[in-house]
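Quantities reported herein were computed from a predicted structural model and do not represent experimental measurements. Chain A is the first sequence line, chain B the second, and so forth, proteins listed ahead of strands; every chain is numbered from 1. Computed from heavy atoms alone, side chains included, the values below leave out hydrogens, waters and symmetry copies.
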Amino acid sequence: MSAGPRLVVVVPARDEAAAIEGVLEALRRWRPEARVCVVNDGSTDDTAARVRRWAARRRAGGEAGPREPGGVALLDLPVNLGIGGAVQAGLRWFLAGDGTHVVQVDGDGQHPPAEVDRLLARADEADIVVGSRFLGDGSWRSTPGRRLGIRLLAAWLRLLGGPRVTDPTSGLRLFNRRAAAALLPAYPDDFPEPVTLMLAARAGLRVVEVPVRMAPRQGGRSSLEGVVAGYYMAKVMLALLLLRLGGRIGG
Amino acid sequence: MAGPRGWIFVASCTALLLLWLVHRIQTGRLRSEYAILWAPVGLALGVFGAWPPLIDRLAAAVGIAYAPSLLIVLGGAFTFVYLVHLSERAGEQRARTRRLAQELAILRARLEAAGLLDEGPEPPGEEPG
């Protein structure tokens, strides 16, 4: 691994006390040398305490500090910022260190860490590698309603000149430093994935998509249900359109 | 058009409104940057209140037959523009809060890593509710 990528894993987590330790354990087994950065997004449960206990146990066992390979850092946001603000905090942490690549793995257990290997395998070809549920086979692919929404978003993104992807809402994504630095200033607040792909296209970043398998959530609750899903679609489609027309998102 | 009683009513309403605005500024609840915006509004109300024929003439000049509807149009336009302005300010504040929260979390993580901060205290200023 000496010449390989120095990987930072950003785990955004809100009220994921039920799943977070499982995610950390899976990450440790998968790549003991990866630096993990859990971003606690104003959880009301004891997500932060569990991460602290986990990190303390590992340090007590002679394992690494937060910035060292294999270490677990906790960014404990004092207020809830939403998924965009949480991932942005992780990107700030990543850019302040010497990592070469950063990958987002959601704190709810939907992203099996081993799938990140498929992203890393293509890391040299692109600035952003997106894990898609729809390219390969055998993945859990969400509910029919959401699949329809995702296809619609993919078509909309393509129509507006964005990257050709099949899973624009995938949170399982690998950035190199160039991509992280380019996306950091304008990272959107809510529902950032499709919008950041559009921003990437505008910044001239290379985007590739690889097949991955995702799992249903291990615990917690999805942020996208019912009316919220409709609001999400409308908001994201409008944001993409505004970007196409030359606007800027975030701040 | 308005009799003396109507005039007194309008003038006292306007005077009360202006006094109230001045009071908000004096007690520091209305920041001066907003006061600069509200002062001309209060002044315009004062002028219209003190001299009602003015609004009739203005309305006639822009071709509005029923003078009070000019006030409603002006008021509506001002309110709309001002609300858009406030939405923008709210967005700015949100971006700043987000940046501060992120920097605070990163700073805490560094202090904890350096052993300069006890781990596990509740974050300062828990969100109310």
From [X] [atom1] over to [Y] [atom2], what is the distance, rounded to the nearest 0.5 angstrom?
X: B:R108; Y: A:D76; atom1: CZ; atom2: CG; value: 5.5 Å
X: A:L74; Y: B:E112; atom1: CG; atom2: CD; value: 6.5 Å
X: B:I106; Y: A:L77; atom1: CD1; atom2: CG; value: 9.0 Å

What pair of heavy atoms forms the shortest contact from [X] to [Y], and how long is it?
X: A:L75; Y: B:A105; value: CD2-O, 3.8 Å
X: A:P78; Y: B:A101; value: CD-O, 3.6 Å
X: B:R110; Y: A:A96; value: NH2-CB, 3.4 Å

Inset, instruction - Report yes or no: does B:Q102 contribute a side-chain atom to a donor-acceptor pair with the main-chain N or O of A:G85 at less than 3.5 Å? - result: yes

Without placing hydrogens or testing angles, list every side-chain donor-acceptor pair under 3.5 Å for residues 77-89 of chain B, not counting sequence neighbours.
residue : atom : partner : partner atom : Å
B:T79   : OG1  : B:G75   : O            : 2.7
B:S87   : OG   : B:L83   : O            : 3.0
B:R89   : NH2  : B:E33   : OE2          : 3.2

Legend entry - Residue pair B:R99 / A:Q88, side-chain heavy-atom distance below 4.5 Å: no

Legend entry - Side chain / backbone / both / neither for B:R96 at chain A, heavy atoms under 4.5 Å: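 It is neither, since no heavy atom gets under 4.5 Å.
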
Legend entry - Contact class of B:E92 relative to chain A, heavy atoms under 4.5 angstrom: neither

